[in-house]
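We name chains A, B, ... by the order of the sequence lines, and we start the count at 1 in each one.
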Amino acid sequence: MEKVLTRNIGIEDSWTLRVYRSRGGYKALEQALDTEPDALIDAVKASGLRGRGGAGFPTGVKWSFMPKQPTPERPNYLICNADESEPGTFKDRLIIEQDPHQLVEGCLVAAWAIRASKVFIYIRGEYVHGARRLEQAVAEAREANLCGRNILGKGFDCDVVVHRGAGAYICGEETALMDSLEGGRGNPRLKPPFPAQAGLYGHPTTINNVETLSCVPLIVERGAEWFASIGTDERNTGPKLYCLSGHVKRPGVYEAPIGIPLLELIEEFGGGMLRDDRPLKAVIPGGSSVPVLTAEECRDLPMDFDSLAKRGTMLGSAGVMVMDSSTDMVQVMERIAHFYAHESCGQCTPCREGTGWLEKIIRRIRSGRGSLDDLATLESAAGHMRGTTICPLADAAAMPCQSFLAKFRHEFEHYIKTGRAAVTAG
Amino acid sequence: MFDAELDKRADEIIARYPQPRGAVMPLLHLVQEKAGWVTLEAEEWIARKLGLTPAYVHGVTTFYTMYRTSRCGTYLLQLCTTVSCMLRGCDNVLEHIKRRLGIEEGETTPDGKFTLVTVECLGSCGTAPVMQVNDDYYEDLDIERVDALLDALAEGRPAPFPPGPGPQRVMVEQHRAS
C-alpha cells in the first residue's frame, strides 16, 4: 500500500515547515478554510474515521456534538491527546518527532470544523524532544500565518499551545487530562457531562488522538471516499499505524491498511519471530490493557476494531506485543499488574485497592509462596474492578489479569506447585 | 534563582492559558530545569505568581513522577522495565548497571554523578530496551552500549553515540523504506 500517514518520515529535515510545504503540506488547511465547518464534519463522518487513541469512537460524530455558535465567554476548545503512555504504544511519538506539521495541520483543520479558537496539545512529559519539535513547528506555523490571527487571511483565529505532562499514565484519560491541563492533579471526572458539554474549564471540548488528527488533512485532500475505500469494511476504514514490539526480528511502527492480518504484520513487517527455534506463544494486540491472545487465536485475524472485538479483545492503541515460547506469562502479568498499580490515581477504591492486590498476589505466586486459592482471589478481585470506577483504568488492569488466568492458568499453577516458572528463560 | 529573567519567562507562560492556574505544570518544569529539582521555595514562588496556596502546588508536584522533590545525580538514569523492554532483556541491563555503579534502584552514587531509577513504559518499545538519561532516550540498549555510555558520562565526555536507536536499526529503516 502507498504510505500516507508516514509519507514524510525518513526524508531529511521532515519536521521543518520548508520540507512539509514542499511536499504539499498545509494545502488541506487552505482548502478546509474555504469549506463550511459542517461540510467538513460530514466528510469526516463519511470517511468512517474512528478514534486511534484506543476507544475507536467515530470522529465525525464526536465533532458533531460541539456547539455551532461558540461565544467569547464560552469558547470551544480542541485538545490533542499526545499523552501516549499505554505500554506497547509508540506510534504518536513517530509523528510528533518526525512530522509534527502533519499533526499541527490536522489540529487546525479540526479546530475550524468544530469552531474552536484554541488548541491544546497535551504531550507526555518524557517526550522532551517531541515537545521541542512541536513547539518549533507551532512557532514556524505562526510565523507563516498558518496559525494565530486571521489564518491565511481567511478570518479564522486559532492558536495552538503545547502543554507538557509530567509522568502520569492516567492523564491519557481524557477528563484526567483536562484536570491536569487546568493545573491540577490528574483525577478523572465523572461522565456525564461529556467533554462536548463541559470539558476544559467547563467549556465545550473535543479531544482527539495524534494519529486521528493526522488523518484529517488526508481526508480533506483526498476525499472521504478514498479514506473509506481503505480497510476491512465501512466500519473499519483508513490507514493505520501499528506498533510492533517484543519477540520479532524487526520491531517498529508500521503503516498498513486497517485490518491487516495479525500474522502478516508479524511475518511481513516484523520479519518473523526473533529466534527461529522459538515459535509464537501469545500476542497482546492493543496495548497492555487488552485481553491477551494465544497463538492459535492469532490466526486469520484482521487487525481492526470489530474483528478484534469479535475475538474477545480490542485494537486499543494498536500496541502489538509479540511473545515467543520462552516467555514466562506470569512474569508478563506481574509487570502489567505493577504498571496499573503504579499508575492508579487512587481516587476510586476498587482501582486503588484492586490494582495493588493484583500485583501483590501475583508477586507472591511468582515468589513460590502462592496457593491455588490465590487464583480464585485474583479472579474475584478482577471481577469486582470491572465497571465499578470513574474511569477505565481499573478495567485496564482487570482485563489482562482475567485473560491471562483463563488462557495461561497452567503457568500460574506451575509456579504454585513447583515454585518455578513453567518455561526456562533464556 | 527567582530573578527578573525567570519572572519574565513565567509571565510568558501564564499568558498562554485561559486561567493562571493552568500554568502550574509548565512553571514546575521551568523551576526544575533551573534548579534540578522542585524546592519548597520554588513551590511558594509559583503559588505567589498564580494566586494559589503552596500546599496546592505541592499537591500537584507530588502527583507527577517527573517532578523531583529531592536532589538527584548529574545524570538521572531512568530505565524502562515495562513489558516490551522486559521481553527484550531490560532486566539484565538493570542488574548490570546496579553492579557496575554499586547502587540499588532509587540511589545515587557517592560521587553524585548517577541516580538510577526504573520507570514505566517510555514509549520506545520498538527500540527496547530504552533508558532515558536526563532528557535523552538511549535505545536498543545492551550491556556493551550501556557500558560505553556510562564510561563516557563518568569521565565527563559526551555520549559515544547519539541518543535514539542503535546502529542495527539502519537495517530496519532500509526495510521500511523499500
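- For A:E84, no part lies under 4.5 angstrom from a heavy atom of chain B.
- For A:V332, the parts lying near chain B are the backbone and the side chain together; criterion is any non-hydrogen pair under 4.5 Å.
- Both the backbone and the side chain of A:F339 come within contact range of chain B, each with at least one heavy atom under 4.5 Å from a heavy atom of that chain.
- Residue A:K91: no heavy atom, backbone or side chain, is found under 4.5 Å from chain B.
- Of the listed residues A:R124, A:E343, A:M323, A:H129, the one with more heavy-atom pairs under 4.5 angstrom with chain B than any other is A:R124.
- Taking chain B as the reference chain and counting heavy-atom pairs below 4.5 Å, the highest number among A:G167, A:G125, A:A166 is found for A:A166.
- Scanning all heavy atoms of the two residues, the minimum distance from A:P251 to B:G126 falls at CG-O, 3.3 Å.
- Only the side chain of A:R132 comes within contact range of chain B, with at least one heavy atom under 4.5 Å from a heavy atom of that chain.
- The stretch residues 7-26 of chain B places B:R16, B:Y17, B:P18, B:Q19, B:R21, B:G22, B:V24, B:M25, B:P26 near chain A, each with some heavy atom under 4.5 Å from a heavy atom of that chain.
- There is no contact between A:T6 and chain B, counting heavy-atom distances below 4.5 Å.
- Across A:S288, A:S85, A:G165, A:G10, the residue that shares the most heavy-atom pairs under 4.5 angstrom with chain B is A:G165.
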For A:V128 and B:Q132, what are the C-alpha separation, side-chain angles and deciding distance, and is it a side-chain contact (heavy atoms from CB on, under 4.5 Å)? CA-CA 10 Å; A:V128 181; B:Q132 185 167 12; 4.2 Å; yes

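- When A:G346, A:A168, A:S245, A:C243 are compared by the number of non-hydrogen pairs under 4.5 Å with chain B, A:S245 comes out ahead.
- Residue contact with chain B, scored on non-hydrogen atoms closer than 4.5 Å, is absent for A:H203.
- When all heavy atoms of A:S180 and B:Y64 are compared, the closest pair comes out as OG-OH, 2.9 Å.
- Heavy-atom distances place the side chain of A:R93, and not its backbone, under 4.5 Å from chain B.
- Across A:H342 and B:T65, no two heavy atoms sit closer than the pair CE1-CG2, 3.9 Å.
- Comparing A:I170, A:L274, A:V322 by heavy-atom pairs within less than 4.5 Å of chain B, the highest count is held by A:L274.
- For a residue to count as touching a neighbouring chain, one of its non-hydrogen atoms must lie under 4.5 Å from one of that chain's; by this rule A:T89 touches chain B with the backbone only.
- Chain A forms more heavy-atom pairs under 4.5 Å with one residue of B:T62, B:D135, B:T82 than with any other, namely B:D135.
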Verdict with supporting geometry, B:D91 and A:Q331, side-chain contact (heavy atoms from CB on, under 4.5 Å): CA-CA 12 Å; B:D91 290 7; A:Q331 188 186 16; 3.5 Å; yes

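- Heavy atoms of A:L200 lying under 4.5 Å from chain B are absent altogether.
- Here the closest non-hydrogen pair linking B:R88 and A:V248 is NH1-O, 2.9 Å.
- With a 4.5 Å cut-off on non-hydrogen atoms, A:Y169 does not touch chain B at all.
- Neither the backbone nor the side chain of A:E255 comes within contact range of chain B; no heavy atom of the residue lies under 4.5 Å from a heavy atom of that chain.
- Sorted by first and then second residue, the salt bridge (charged side-chain N to carboxylate O under 4.0 Å, His left out) pairs with a member in residues 318-331 of chain A read A:D328-A:R366; sequence neighbours excluded.
- Note that the CE atom of B:M86 and the CD atom of A:E334 stand 9.0 Å from one another [nearest 0.5 Å].
- Proximity to chain A (any heavy atom under 4.5 Å) is shown, for B:T61, by neither the backbone nor the side chain.
- Ranked by heavy-atom pairs under 4.5 Å with chain B, the list A:P75, A:P87, A:G319, A:C171 is led by A:P87.
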Apply side-chain contact (heavy atoms from CB on, under 4.5 Å) to residues B:F63 and A:C345 and explain how you reach the verdict. CA-CA 8 Å; B:F63 185 82; A:C345 81; 4.0 Å; yes

Let me see the working for A:E126 and B:Q78 under side-chain contact (heavy atoms from CB on, under 4.5 Å), right down to the final yes or no. CA-CA 10 Å; A:E126 293 85 348; B:Q78 305 184 77; 5.9 Å; no

